[in-house]
Amino acid sequence: MPELPEVNNIINYLKNHEHLTTKTICKVDVLYDYTIEGSKDYFINALKNKRILDITQKGKYIIFHLSDDLVIVSHLRMEGKYFVKNEDVENTKHDLVIFHFTDNTKLVYNDTRKFGRMILLNEKNYLSVPPLSKVGPEPFENISIAYLKENYQTKNIALKQLLLDQSIISGIGNIYADEICFDTKLNPRTPGKFLSDDDLLNIVSSARKILTLAINFGGSTIKTYHIAEDKEGNYQSHLNVYNRENQPCKRCGYPLRKIFLNGRGTTFCPRCQVDKSLPFVLALTGPIASGKSSVNAYFVKQGFISLDLDNIVHEVYKDKTVQKEIKNIIPSLKIVEGNIDRLYLKQYLINHKAAKNDLENYLYEGLYNLVLKKLRKIGPGKKVVMDVPLLFKSHLDDFANKILLIQINPNIQRERLEKRSGNSDLYLKLNKSYFEQEDIKKADFVISNNSNLEDLYKELDNLNI
DNA sequence: AGTGCCGCCTGATGGC
DNA sequence: TGCCATCAGGCGGCAC
């Protein structure tokens, strides 16, 4: 839907190209009642013979200023559009409100999803009554650091959600919120209270910069937004993150991630957008018997806190809601003394591929949230090392500041497994998909652990992490 | 009070 | 091919 830059372009077009501010309304047709807030009859009758004097903007709202102190406050929501047409052009399917003018033209409000709303108010008080009374300053207005601190640093909710809150700063929607987070190198999940004063000032200057650029490029046309019927915006090709899931970050090359924050799709770079509520995280990954636990021990000696993923996985399985969900998928599963029969589960999943996929995704999600919770509890300023076999599949690389990948010669791996368990074939089969070749380039450091512990530690000394 | 989730609508897209 | 689920530039209201 239109955000501030798109609304700005629409208003410009209606004023300067369609010359709407020279026109007088003679009749209004309301074809979908819910579009009009308040009395539909009042809306229709009061607008007769009113002249459009000016069109202005507040955040994402369009304000038509009319003669006799009337104003129409209009919000396009997701799909609203205004077109000016000649009277002889027939209405189309989603034309909801038609303003007929005395010069044989009409302003058509078209809205496929019917979310848009408009209300007729008075020039004298329209800013002090809803909906505009609840709308905060645009990024371009004077915003004091005290105002930002009060509205961001006292909140435990995600930066992304704060940026979308129109009562704090208006005009920023889902596209530009993601772009601002990228530009300021802040993870959209960061709770407001972890943002520094500098972060807050950066957010405002970044918002000004990005929205100005977007205005100058005519806004972003992703699907349906058009300045006019045959005129698209051009900023979409300049977007750094929005609509670029899995594509390489333009700053560091790491594949961009898409998650959902409060029900809104959110795309960001997990490596160069820092979550300030979290400690520095070094993630270790590599195949079975590659020596991850030795490397883990090395970093614990260096003062890192070790996050034991095995334990956390057990915790996920012990969670009552998780168990309930698993039991929904597999009713025959037994839960003994609060513990899931994981051997039965494993065997069941070998024969039920679809269930395996669903369950894995569900468990990864649980693991992801629990790890986030644990890292938040440790908090910023600390250093954490975590050994994650399925780092990329579980998306736990979202939390990693640095990734250390350990490689091993397959023959030596087999030897070590034989010594450990006496059955290397089974383990190799079970752990086949720990990571893909293409994941190697996601790592910051790659080491080979084909020799002894002394050589391994020497190699780690040289990394200077 | 602060937060999370659902409903409002239609159409495009992708998986089976 | 169709059928079904999911997703989309937003926001208000409701329940805890």
Side-chain angles (χ1 to χ4, degrees), chain A residues 1-10 31-38 57-62 73-82 92-96 109-119 130-136 150-181 189 191-193 207 210-211 214-215 217-227 232-246 258-267 353-354 357-358 361 369:
Chain A
M1 164 298 154
E3 305 178 31
L4 185 146
E6 291 76 28
V7 170
N8 179 287
N9 273 277
I10 290 165
L31 307 177
Y32 185 74
D33 291 0
Y34 292 126
T35 302
I36 311 300
E37 300 205 70
Q57 174 169 14
K58 175 85 182 179
K60 302 178 196 172
Y61 286 87
I62 299 172
V73 175
S74 164
H75 198 302
L76 305 174
R77 297 279 180 95
M78 295 289 261
E79 295 273 343
K81 299 165 196 68
Y82 279 109
T92 61
K93 193 173 176 187
H94 301 295
D95 293 346
L96 307 185
Y109 177 72
N110 176 288
D111 188 344
T112 311
R113 291 176 73 182
K114 301 185 169 75
F115 287 168
R117 295 290 179 264
M118 54 185 85
I119 184 167
L132 291 181
S133 60
K134 291 178 283 184
V135 175
E150 166 68 23
N151 282 292
Y152 281 73
Q153 290 175 348
T154 58
K155 306 261 173 69
N156 201 24
I157 55 182
L159 168 60
K160 169 71 179 276
Q161 207 184 337
L162 293 168
L163 287 171
L164 292 178
D165 185 338
Q166 302 299 303
S167 72
I168 304 174
I169 295 176
S170 64
I172 299 166
N174 210 32
I175 297 180
Y176 300 110
D178 280 7
E179 295 299 314
I180 291 164
C181 289
R189 181 169 36 220
K193 65 180 180 190
I210 290 167
L211 294 183
I215 288 170
F217 275 97
S220 303
T221 298
I222 304 294
K223 280 193 181 122
T224 62
Y225 154 75
H226 281 64
I227 301 166
E232 292 190 351
N234 285 309
Y235 193 67
Q236 59 278 11
S237 52
H238 300 267
L239 296 172
N240 285 311
V241 281
Y242 184 86
N243 218 20
R244 294 194 66 242
E245 181 186 9
N246 294 329
K258 183 177 178 184
I259 60 171
F260 284 86
L261 283 179
N262 297 82
R264 307 303 303 276
T266 301
T267 312
K353 295 280 180 226
N357 208 24
D358 288 354
N361 288 336
N369 292 329

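These numbers were taken from a predicted model, which means no experiment stands behind them. The sequence lines fix the lettering, A, B, ..., with proteins before strands; numbering per chain opens at 1.
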Practice task
Consider the side chain of H75(A), meaning its heavy atoms from C-beta on, and name the nucleotide among dC11(C), dT3(B), dC7(C) that approaches it most closely.
Solution key: dC11(C)
Practice task
Mind jotting down which residue pairs meet the salt bridge (charged side-chain N to carboxylate O under 4.0 Å, His left out) criterion with at least one end in residues 170-181 of chain A? Sequence neighbours excluded, please.
Solution key: K160(A)-D178(A)
Exercise for the section: Tell me whether the OP1 or OP2 atom of dG11(B) has a side-chain N or O from K93(A) closer than 4.0 Å. Expected result: yes
Exercise for the section: Tell me the partner of dT1(C), counting only Watson-Crick (N1-N3 plus N6-O4 or O6-N4) or G-U wobble (N1-O2 and O6-N3) with both under 3.5 Å; none if nothing fits. Expected result: none
Quick one: which protein N/O atoms are closer than 3.5 Å to N/O atoms of nucleotides 7-9 of chain B? Pair and distance per line, please.
from: dC9(B); atom 1: OP1; to: Y32(A); atom 2: OH; distance (Å): 3.0
from: dC9(B); atom 1: O2; to: R113(A); atom 2: NE; distance (Å): 2.7
from: dC9(B); atom 1: N3; to: R113(A); atom 2: NH2; distance (Å): 3.2

Fill in the blank from the handout: Taking dG12(C), dG11(B), dG4(B) as options, the one with an atom nearest any side-chain atom of H94(A) is dG11(B)
Problem - Heavy-atom donor-acceptor pair, E6(A) side chain to S220(A) backbone, under 3.5 Å - result: yes
Exercise for the section: Report the distance from atom NZ of K134(A) to atom P of dC11(C), rounded to the nearest whole Å. Expected result: 11 Å
Fill in the blank from the handout: Partner of dG4(B) under the Watson-Crick or G-U wobble criteria, both distances under 3.5 Å, comes out as dC14(C)
Handout entry: K114(A) side chain near L96(A) side chain, heavy-atom distance below 4.5 Å
Key = yes
Handout entry: F260(A) side chain, from C-beta outward: closest of dC7(C), dT3(B), dG4(B)
Key = dC7(C)
Handout entry: Interatomic distance at P, dC3(C) relative to dC9(B), whole Å
Key = 25 Å
